[in-house]
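The structure appears right after this line, and notes come after that.
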Amino acid sequence: MRVLGLQGSPRKNGNNDYLLQRFMEAAEGHGALTRTLWVDRMDIRPCKEFTTCEKKGFCPIDDAMKQEVYALLREADVIVAATPIFFYNMTAQLKALVDRCQTLWSRKYMLKLKDPGCRIRQGYLLATAASKGKNLFEGLHLTTHYFYDALDARYAGSLTYREIEGKGEMAAHPTVAADVAAAVAALLKPLERRRRVLFACRENACRSQMAAGFAQYLAGDKLEVLYGGSSPAEAVNPLMVEAMAEKGIDMYFRRTRSIDDALAEGPPGVIVTMGCEENCPFAPGAERVEWQLPDPAGAPLETMRRVRDEIERRVGELAARLT
Ligand SMILES: Cc1cc2nc3c(=O)[nH]c(=O)nc-3n(C[C@H](O)[C@H](O)[C@H](O)COP(=O)(O)O)c2cc1C
């Protein structure tokens, strides 16, 4: 279970720093792997309206978004944005990241592709503001709603605090600890109940990626899907991305992982192996399933399609049996 924090405040030890840190600690208490991005310290450039994303599905700007952030957004089960109100909305730093998610909006609405995590991903908002007007958070809620929609995430809720200005004021708030604990429990408890399944192959570039993509898409609400390779390739196979796109599933931002990385998410109850040979993972008590499938690496698209269809069939049967 992966929780990604987006810190929109530029202020270290400020109110949103406090809020997001408490949120992430609580998430770790529920077994989540957490990562926080300090957006202000990253090279994230504003959208230049090249509209390449709307035509071709990618952004030509080469910065932290391309290098890492799109992939992290796709990998997260829960995304939590934290921001002070600056002129009735989020900070400009965070808004630049949001605007660059036009790429994900385009892949969803123009290219009509579905992210494998779309059934379970949730978005959450933390925010503080100095004043106390009734409409203080309305602009922020609206922007956040459409941001999470572009990320294929359900906007699950928010904790917003008025009359919080100087450093340390959030920490002194009487209900914040209980508010955060309740919010994190409501978000993560349903995800904790899922059965963990690991798909492993050699390079994690084709077979285990496709199996994981189908499993997340078909049953991500009931299965926590891990994936990895015994000898991971640098990147996923572009023909795999193409073959999955033919099925309407978007694997463009997927990254390969080692089996050890996959196991860091927790011990799987079921391990499905596809040609990782003597390096196949072992977990005590886990059910082992071996799928004999040809390795489509280096083969033409037609082979990738055949392997994809066979994996889709097997994942459907496995998901029906396990859920
Ligand atoms: C540029 C700027 C704009 C702000 N605009 C507003 C605003 O429109 N309404 C408001 O209530 N507070 C506003 N504030 C105050 C911050 O939202 C508030 O101090 C917040 O708690 C700071 O959070 P942080 O410590 O996490 O950065 C603004 C502050 C700055 C620096």
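The figures here come from the full heavy-atom set of this structure, side chains too, leaving out hydrogens, waters and symmetry mates. One-based numbering, in listed order, for ligands and for the atoms of each. Along the sequence shown, residues carry numbers from 1.
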Legend entry - Amino acids contacting ligand 1, non-hydrogen cut-off under 4.0 Å: Ser9, Arg11, Gly14, Asn15, Asn16, Pro84, Ile85, Phe86, Phe87, Tyr88, Thr128, Ala129, Ala130, Ser131, Leu136, Ile164, Glu165
Legend entry - Any donor-acceptor N or O pair under 3.5 Å, side chains Asp179, Tyr161: yes
Inset, instruction - Show your reasoning for whether side chain to side chain donor-acceptor pair (under 3.5 Å) applies to Asp40 and Ser9. - result: CA-CA 7 Å; Asp40 178 57; Ser9 172; over 6 Å; no
Legend entry - Pairs touching residues 129-144 that satisfy side-chain hydrogen bond (donor to acceptor under 3.5 Å, both in side chains), sequence neighbours left out: Asn89-Thr143, His141-Tyr155
Legend entry - Glu75 with Arg255: basic N within carboxylate O range, under 4.0 Å: yes
Inset, instruction - Mind checking ring-ring contact (aromatic ring centres under 6.0 Å, His included) for Tyr252 and listing every partner two or more places apart, or none if nothing turns up? - result: none
Inset, instruction - Would you mind listing the cluster partners of Ile61? Hydrophobic ones only (ILVMFWY), side-chain contacts under 4.5 Å, chaining allowed. - result: Phe50
